[in-house]
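No experiment lies behind these values; they were computed from the predicted model shown. Numbers for residues simply follow the sequence, beginning at 1. Counting starts at 1 for both ligands and their atoms, in listed order.
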Amino acid sequence: MTQTVGIEIEDGIAIVVTDNPPVNALSADVRNGLFKAIETVEADANVEAVVIHCAGRTFFAGADIREFDKPPVSPVLSEVIDRIEACTKPVVAAMHGTALGGGFEVALGCHFRVALASAKMGLPEVKLGLLPGAGGTQRLPRLIGPQKALDMIVSGDPVGAGKALDLGIVDNTVDGDIRSAAVAFAKKAVAEGLPIRRLSMFDERLAAARADMAPFEEHAAALLTRKRGLDAPRICADSVRNAITLPFAEGSRKEREFFMHLKNGVQSAAQRHLFFAERTAQRVDDMPKDVRPGKVEQVAVIGAGTMGGGIAMVFANAGIAVTLIDVQAEALKRGLANIEKNYARTAARSGKGDDWIAERVGRITGAESLEAVAQADLIIEAVFEDMALKHKIFADLDRLAKPGAILATNTSTLDVDEIAAATKRPEWVVGMHFFSPANVMRLVEVVRGRKTGFQALATAIGISRAVGKAPVTVGVCFGFVGNRMLYARTRQVERLLLEGAAPQAIDKAMTDFGFAMGPLAVSDLAGIDVGWRARQQAGSKIAPIADALAEMGRYGQKTGKGFHLYPEGARRGEPDPEVDALIARMAGERGVKRREISSEEITERLIYAMVNEGARILEEGIAARASDIDIIWVFGYGWPVQHGGPMFHADQIGAGMIAARLAQMAESSGDETLAPAPLLARLAAEGGAFGKL
Ligand SMILES: NC(=O)c1ccc[n+]([C@@H]2O[C@H](COP(=O)([O-])OP(=O)(O)OC[C@H]3O[C@@H](n4cnc5c(N)ncnc54)[C@H](O)[C@@H]3O)[C@@H](O)[C@H]2O)c1
């Protein structure tokens, strides 16, 4: 038919085979081929039924997102799917691998669906700020009912074939050869004269919902409360509602309008940017092509505290054996018990059994001596943030670790080069900076020291990916990328407080921007004492108010008082006049004139200060790309995805605007760190963008 689509005929069954490696994306050539193939087999008197099959590892894994930013090429996917559905001979989808997005919509356009038991399917468009635009929001509700369809469409999470069978999405699941199973199903459909099932004509499930819309509306409202600030989930729900209230053709027309609207909007551009940025971040530009990540079958984690425990779970979850080492017997016991508690909590929440817990816990062995690192391929140190201690541990590791083992440190601030200097093998030393809680947060800053070798770097990146993390390579400096920008923001938070912004106003500005919590609420939750201790060790004076609160024993939620007040264990803080008085007094002592500060100014000051620090980080080569910084803030600090990361956001606003505002704010506040960084000033002058560097 075309380069990527062919037809093979066996005993009256036409098998339309797509072969478009690597994942059979629905490119223009594939769409064209499928359309022509259906026309051809329909006209062929020797063909009684049709199977749509894909070669290689998967059924159509989705649209070709490289085509997204180009003008649409005919036939568009919905035309192809409508043509498949209109076919007068039974059409069977043979699903294996991952039938996602447009791929799943193709399957929904077929009259029957047979899936390999290992197949997964779903509509992940919402994760790119989109909605399924080729009939998915109209056909799926007709097949499984609007509420279940809404769950799949609004979450974007795929379901396995077993669940799909229960939901009535697939007619049959098989082990073994999907192609012959689908051909057998097609023969059966012919032999038994099974009526052709066109989902666009189904109405039974919608009629029930139409009679009483309340359950649907309640369900939608509940799902959407968790998607605050995002347009796509809301519009997905609107489109599923249309499936109930409008005829198929009208609902489909609206669906395409919704799709174009979302596609052209900034939120989807931001989410698509992040999709590519995550992949790009795994690349190290000067890495020689022949370097492959080393095998990691045995991991040792040193320090069974908050981070060590979480890191051990990351590897245990991925099926890797872990030795968790702590020199204090009590700390080790507590660490292992915390891990068990954590697993038990997850199991209770997700309906997993004791076996599930035992399997994971069983992969983690405790040890009290550093000698237990001997067999480890990867050793991650997560002891107290203390250079002398880390120095001693790395000197010991140099003696005890096997040759070629990766020696990683989870330090948040210390100089990785100095740590590496404690060994005679600095080429094997690398930072692997996990974020708390390590078993949840996806970011790992892979810190490349001056002497870190390519092999160690490749292995640290490779294993991070393999255990489901989002690794980003960064250079050595205080706080690396994420925390360094966080400190830049904290500095402005404190200054804004002194200048007259209320703690509640600062938090509100950031939650209005899209963060789940404001910076002060986060401090109260994490414990003001934690940051205070870190600042004391580093000799940092950026947060005098937080330091004063810590010295008063106001540690946050755990003491009922922090920046906000938490009467009787409340989770949401209330304003506290004592804090307001403290801040006013400190402002007076420092001679800071207090004034009204608008929410807009708070937002600009905090966000632009971060962008400015990001520009310095790029200039110094601490981050390789602006998009790497975006990934760090989205996966490590909950930056709202609809804004695509701080540097993407900066490009939306424009370097000129940001530089001008920063210059004004530097002037009015007297804080010279707000003066535009040279790179930002250059982009402003040239009309350039971070994304184009
Ligand atoms: N807590 C965070 O949010 C966070 C985030 C990223 C990185 N980090 C970094 O991770 C590291 C650990 O932080 P944490 O919060 O887990 O600390 P923690 O105090 O919870 O745990 C440290 C553990 O190390 C153990 N330990 C001390 N000396 C040891 C030795 N010689 N051998 C073996 N174990 C020893 C202690 O007994 C303790 O259990 C620090 O470098 C910190 O900067 C922390």
Side-chain angles (χ1 to χ4, degrees), residues 300-314 322-339 342 364 366-373 376 379-401 407-416 418-419 422 429-447 464 469 471-472 474 476 478-484 486-487 490 522-523 525-538 540 555-556 558 632 635-638:
V301 178
I302 308 173
T306 314
M307 293 306 289
I311 295 168
M313 290 173 75
V314 169
V322 186
T323 309
L324 183 61
I325 305 170
D326 204 300
V327 286
Q328 280 184 282
E330 260 316 298
L332 180 62
K333 227 171 99 190
R334 200 171 344 113
L336 290 169
N338 277 340
I339 290 173
N342 241 315
I364 304 175
E368 286 175 36
S369 156
L370 225 50
E371 320 246 313
V373 303
I379 302 167
I380 302 175
E381 167 278 311
V383 304
F384 304 130
E385 188 78 334
D386 174 338
M387 182 56 93
L389 176 60
K390 301 211 186 224
H391 234 254
K392 165 147 192 343
I393 287 182
F394 275 76
D396 288 343
L397 290 181
D398 199 17
R399 219 166 17 83
L400 298 169
L407 312 183
T409 172
N410 182 49
T411 181
S412 332
T413 53
L414 299 177
D415 184 337
V416 173
E418 203 180 324
I419 294 174
V429 177
V430 63
M432 285 180 78
H433 184 208
F434 289 81
F435 288 71
S436 183
N439 54 317
V440 177
M441 301 302 285
R442 288 197 55 217
L443 177 65
V444 179
E445 283 183 326
V446 175
V447 187
S464 299
K469 297 291 173 188
V472 183
V474 302
V476 177
F478 186 80
F480 311 120
V481 172
N483 282 341
R484 183 167 153 183
L486 182 68
Y487 300 147
T490 301
V522 169
S523 293
L525 180 66
I528 297 179
D529 52 320
V530 177
W532 173 51
R533 282 204 192 94
R535 282 189 299 277
Q536 277 187 319
Q537 269 189 16
S540 163
Y555 291 168
K558 60 186 166 192
I632 287 172
F635 289 118
Y637 300 83

(request) Compare all side-chain heavy atoms of Val481 with those of Val472 and state whether any distance is below 4.5 angstrom. (result) no
(message) Which residue and atom name correspond to the protein heavy atom nearest atom 21 (O) of ligand 1, and how close is it?
(response) Gly305 CA, 3.2 Å
(message) Could you identify the single nearest non-hydrogen protein atom to atom 37 (O) of ligand 1 and state the distance to 0.1 Å?
(response) Asp326 OD1, 2.8 Å
(message) Below 4.0 Å from ligand 1: does a non-hydrogen atom of Lys390 turn up there or not?
(response) yes
(request) Before signing off on this row, confirm whether Met307 and ligand 1 have an N or O atom pair separated by under 3.5 Å. (result) yes
(request) Indicate, as side chain, backbone, both or neither, the part of Ser412 found under 4.0 angstrom from ligand 1 when only non-hydrogen atoms are considered. (result) both
(request) Would you mind checking which non-hydrogen protein atom is closest to atom 27 (C) of ligand 1, with the distance to 0.1 Å? (result) Phe384 CE1, 3.5 Å
(request) Can you sort out the partners of Asp386 under salt bridge (charged side-chain N to carboxylate O under 4.0 Å, His left out), two or more places apart, ordered by chain and number? (result) none
(message) Any salt bridge linking Asp326 with Arg334? Criterion: basic side-chain nitrogen under 4.0 Å from a carboxylate oxygen.
(response) no
(request) Run the contact test for Phe434 against ligand 1 with a 4.0 Å cut-off on heavy atoms, strictly below, and give the result. (result) yes
(message) Checking side-chain contact (heavy atoms from CB on, under 4.5 Å) between Val429 and each of Leu397, Val447, Leu407, which is the one that passes?
(response) Leu407
(message) Check this for me: does any side-chain nitrogen of one of Glu385 and Lys390 sit under 4.0 Å from a carboxylate oxygen of the other?
(response) yes
(message) Determine whether any protein heavy atom is located less than 4.0 Å from atom 10 (O) of ligand 1.
(response) yes
(request) Considering heavy atoms of the protein only, find what lies nearest to atom 40 (C) of ligand 1 and give residue, atom and distance to 0.1 Å. (result) Val383 O, 3.2 Å
(request) Return the residue, atom name and 0.1 Å-rounded distance of the protein heavy atom closest to atom 28 (N) of ligand 1. (result) Leu389 CD2, 3.6 Å
(request) Could you tell me which residues satisfy side-chain contact (heavy atoms from CB on, under 4.5 Å) with Met307, sequence neighbours excluded, listed by chain and number? (result) Ile311, Ala382, Asn410, Phe434, Ser436, Ala438
(message) Checking a contact table here: which protein heavy atom is nearest atom 3 (O) of ligand 1, and how many Å away?
(response) Ser436 CB, 3.3 Å
